[in-house]
Student: 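Quick one: the structure is below, and I'll ask about it shortly.
What's counted below: heavy atoms across the whole structure, side chains too, no hydrogens, waters or symmetry copies.
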Amino acid sequence: MATLAELRAEGRRIEVRDLEPNLTGTGADPQIGIGQRALLIQTPAGNLLWDCLGFIDDEGIAAVRARGGIRGIAMSHPHFYGVCVEWSHAFGDAPIYIPTADRQWVMRPDPAIRYWDGTIEPLPGLTLIQCGGHFEGSTALHWAAGAEGRGALLTGDTITVVSDRRFVSFMRSYPNDIPLPAATVRQIVAAVAPYRFDRIYGGWWDRVVDRDGPAAIQRSADRYIRWIS
């Protein structure tokens, strides 16, 4: 396990990309771990950092501060908890929203952590949805104003956008290729079905379903269940 000081000494830095109005991606360059990036959603009530990156530096803090700072932090699942406490402390102990179901995976307890169940609205227009599957508390974030007002769903790998971006997938364990049962896939689909969205942002830079997100989830679930049956 590398420390932040060691990662900085290796020359890593925060890379920042504005992906659409009021949505900014932050990643590490060179990448860390599996190469995921975080997303900063900017709203009139404040900003939420989604899928917190496992790296932080002064330049990254400055870039986020220039876009309005952070009012809350949430992650799709424990693999992305990273240095969420450091990000929280850099922005006045911004609340860190973690599902109660995944409490056992919190390796660094902190007063900023807020546990929740089911659904929660950390800021107006943003809803955290506990879907289960990859982890019991695996979560998606619905951003009502995303995709130019058509709505966006931010999923990490709770619902992972695959290389063929017409489709998504669902897994219990990605490194070990352990699938999920049909009932759990249906549970995930049902959890996000009530929300209006067009675009899906996965956990990596180019993993985006640009349009017809609900149709992509449904046809992917149908295909998945057909093959595991």
Student: Has Arg67 got more than 12 heavy atoms of other residues, nucleotides or ligands less than 6.0 Å from its CZ?
Tutor: yes
Student: Taking all atoms of both residues into account, what is the closest heavy-atom pair of Gly133 and Ile188, and its distance?
Tutor: CA-CD1, 4.0 Å
Student: In this structure, would Ile120 and Ile96 fall into the same cluster of hydrophobic residues linked by side-chain contacts under 4.5 Å?
Tutor: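 As far as the 4.5 Å side-chain criterion goes, Ile96 and Ile120 are not connected within one cluster.
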Student: Do you reckon Met75 sits in the same ILVMFWY cluster as Trp116, going by side-chain contacts under 4.5 Å, direct or chained?
Tutor: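 Result: no, two separate clusters.
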Student: Is the side chain of Ser88 donor-acceptor paired with the backbone N or O of Cys84 at a distance under 3.5 Å, no angle test?
Tutor: no
Student: Can you tell whether the side chains of Asp210 and Arg199 come within less than 4.0 Å, N to carboxylate O?
Tutor: yes
Student: Is it true that Val161 and Tyr174 fall in one hydrophobic cluster, defined by side-chain heavy atoms closer than 4.5 Å?
Tutor: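 Same cluster: Val161 reaches Tyr174 through Ile, Leu, Val, Met, Phe, Trp or Tyr contacts under 4.5 Å.
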Student: What is the distance from atom CG of Asp198 to atom CZ of Arg150, rounded to the nearest 0.5 Å?
Tutor: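 Going from CG on Asp198 over to CZ on Arg150, the span is 4.5 Å.
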Student: Using the side-chain hydrogen bond (donor to acceptor under 3.5 Å, both in side chains) rule, take Arg207 and Ser163 through it: C-alpha gap first, then chi angles, then the decisive distance, then the call.
Tutor: CA-CA 7 Å; Arg207 298 296 181 94; Ser163 297; 3.3 Å; yes
Student: Check whether Tyr224 reaches the backbone of Ala182 with its side chain - one donor and one acceptor, N or O, closer than 3.5 Å.
Tutor: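 Flag not set: sc Tyr224 to bb Ala182 has no pair under 3.5 Å.
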Student: Donor-acceptor pair, distance only, cut-off 3.5 Å: does the side chain of Arg186 make one with the backbone of Ala221?
Tutor: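 Pair absent, no side-chain N/O of Arg186 close to backbone of Ala221.
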Student: Which pair of non-hydrogen atoms, one from Tyr195 and one from Phe197, has the smallest distance, and what is that distance?
Tutor: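 Scanning both residues completely, I find the closest heavy atoms to be O-CD2, 3.3 Å.
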Student: Given side chains that start at C-beta, do those of Cys131 and Val192 come closer than 4.5 Å, heavy atoms only?
Tutor: yes
Student: Taking a hydrophobic cluster as the set of Ile, Leu, Val, Met, Phe, Trp and Tyr residues connected by side-chain heavy atoms closer than 4.5 Å, whether directly or through intermediates, do Met171 and Val209 fall within one such cluster?
Tutor: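 Yes: a chain of side-chain contacts under 4.5 Å links Met171 to Val209.
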Student: What are the two closest non-hydrogen atoms of Ile61 and Ala90, and how far apart are they?
Tutor: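 Distance-wise, the nearest heavy atoms are CD1-CB, 3.9 Å.
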Student: Taking the six-membered ring for Trp and the full ring for Phe, Tyr or His, determine whether the centres of Phe170 and His134 are under 6.0 Å apart.
Tutor: no
Student: Quick one: does NZ or CZ of Arg219 land under 6.0 Å from the six-membered ring centre of Phe167, within 45 degrees of the ring axis?
Tutor: yes
Student: For Trp105, enumerate each residue passing the ring pair (Phe, Tyr, Trp, His ring centres under 6.0 Å) test, keeping only those at least two apart in sequence or located in another chain.
Tutor: Phe135
Student: Within this structure, what is the CG-CH2 distance for the pair Leu39 and Trp143, rounded to the nearest 0.5 Å?
Tutor: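 Rounded to the nearest 0.5 Å, the CG-CH2 separation comes to 9.0 Å.
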Student: Measure the spacing between OH of Tyr97 and CH2 of Trp50 and express it to the nearest 0.5 Å.
Tutor: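 One gets 13.5 Å once the value is rounded to the nearest 0.5 Å.
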Student: With distance as the sole test, does His142 use its side chain to make a donor-acceptor pair with the main-chain N or O of Leu126 at under 3.5 Å?
Tutor: no
Student: Assess the residue pair Leu141 and Thr127 against the criterion (side chain to side chain contact (heavy atoms under 4.5 Å, CB included)); give the C-alpha distance rounded to whole Å, side-chain angles, the decisive distance to 0.1 Å, and a yes or no.
Tutor: CA-CA 6 Å; Leu141 171 65; Thr127 305; 5.7 Å; no
Student: So Val208 and Ile200, do their side chains get closer than 4.5 Å, heavy atoms only?
Tutor: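 They are not in contact (no side-chain heavy atoms under 4.5 Å apart), so the answer is no.
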Student: Could you state the interatomic distance from CG (Leu53) to OG1 (Thr26), rounded to the nearest 0.5 Å?
Tutor: 5.5 Å
Student: Do side-chain atoms of Arg223 reach the backbone of Ser169 as a donor and acceptor pair under 3.5 angstrom?
Tutor: no
Student: Between Glu20 (side chain) and Ala147 (backbone), is there a donor-acceptor pair under 3.5 Å?
Tutor: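 Looks like yes, one N/O pair under 3.5 Å.
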Student: Between Asp157 and Thr160, is any side-chain donor less than 3.5 angstrom from a side-chain acceptor?
Tutor: no
Student: Just wondering, more than 12 heavy atoms not from Arg103 lying within 6.0 Å of its CZ?
Tutor: no
Student: Are the side chain of Asp164 and the backbone of Arg166 linked by a donor-acceptor contact shorter than 3.5 Å?
Tutor: yes
Student: Using a 3.5 Å distance criterion without hydrogens, assess whether the side chain of Asp102 forms a donor-acceptor pair with backbone atoms of Pro78.
Tutor: no
Student: Same hydrophobic cluster for Val64 and Leu48, using side-chain heavy-atom links shorter than 4.5 Å among ILVMFWY?
Tutor: no
Student: Taking the six-membered ring of Trp205 (Phe, Tyr or Trp), confirm whether the NZ or CZ of Arg17 is under 6.0 Å from its centre and within 45° of its axis.
Tutor: yes
Student: Hey, does the side chain of Gln36 reach the backbone of Phe80 with a donor-acceptor pair shorter than 3.5 angstrom?
Tutor: no
Student: Check the surroundings of atom CD in Glu136: do more than 12 heavy atoms from other residues, nucleotides or ligands lie under 6.0 Å from it?
Tutor: no
Student: Compare every heavy atom of Leu123 with every heavy atom of Gly46, then report the nearest pair and how far apart it is.
Tutor: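 Looking at all heavy atoms of both residues, the shortest contact is O-CD1, 3.5 Å.
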Student: Using a strict 4.0 Å threshold on nitrogen-to-oxygen distance, state whether Glu86 and Arg108 make a salt bridge.
Tutor: yes
Student: With no hydrogens and no angle check, just 3.5 Å: does a side-chain donor-acceptor pair link Asp51 and His77?
Tutor: no
Student: Minimum heavy-atom separation for Glu148 and Pro21, please, with both atom names.
Tutor: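 That would be OE2-CD, 4.2 Å.
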Student: Name all residues meeting the salt bridge (Lys or Arg N to Asp or Glu O under 4.0 Å) criterion together with Arg114; count only those two or more places apart in sequence or in a different chain, and write none if there are none.
Tutor: none
Student: Could you check whether any side-chain heavy atom of Pro122 comes within less than 4.5 Å of a side-chain heavy atom of Leu128, counting everything from C-beta outward?
Tutor: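 Touching, per the 4.5 Å side-chain cut-off.
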Student: CG of Asn22 to CG of Asn47: how many Å apart, nearest 0.5 Å?
Tutor: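 If I round to the nearest 0.5 Å, the distance is 8.5 Å.
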Student: Under the 3.5 angstrom rule, does the side chain of Thr158 hit a backbone N or O of Thr139 as a donor-acceptor pair?
Tutor: yes
Student: If every non-hydrogen atom of Ala140 is compared with every non-hydrogen atom of Leu153, which pair is closest and at what distance?
Tutor: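 Nearest pair, atom of Ala140 first, then Leu153: CB-CD1, 4.1 Å.
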Student: Measuring from atom OG1 of Thr100 to atom CG of Asp117, what distance do you get when rounded to the nearest 0.5 angstrom?
Tutor: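 Answer for the OG1-CG pair, Thr100 versus Asp117, is 3.5 Å.
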Student: Assess, by modelled atom type and distance only, whether the side chains of Ser138 and Gln130 contain a donor and an acceptor separated by less than 3.5 Å.
Tutor: no
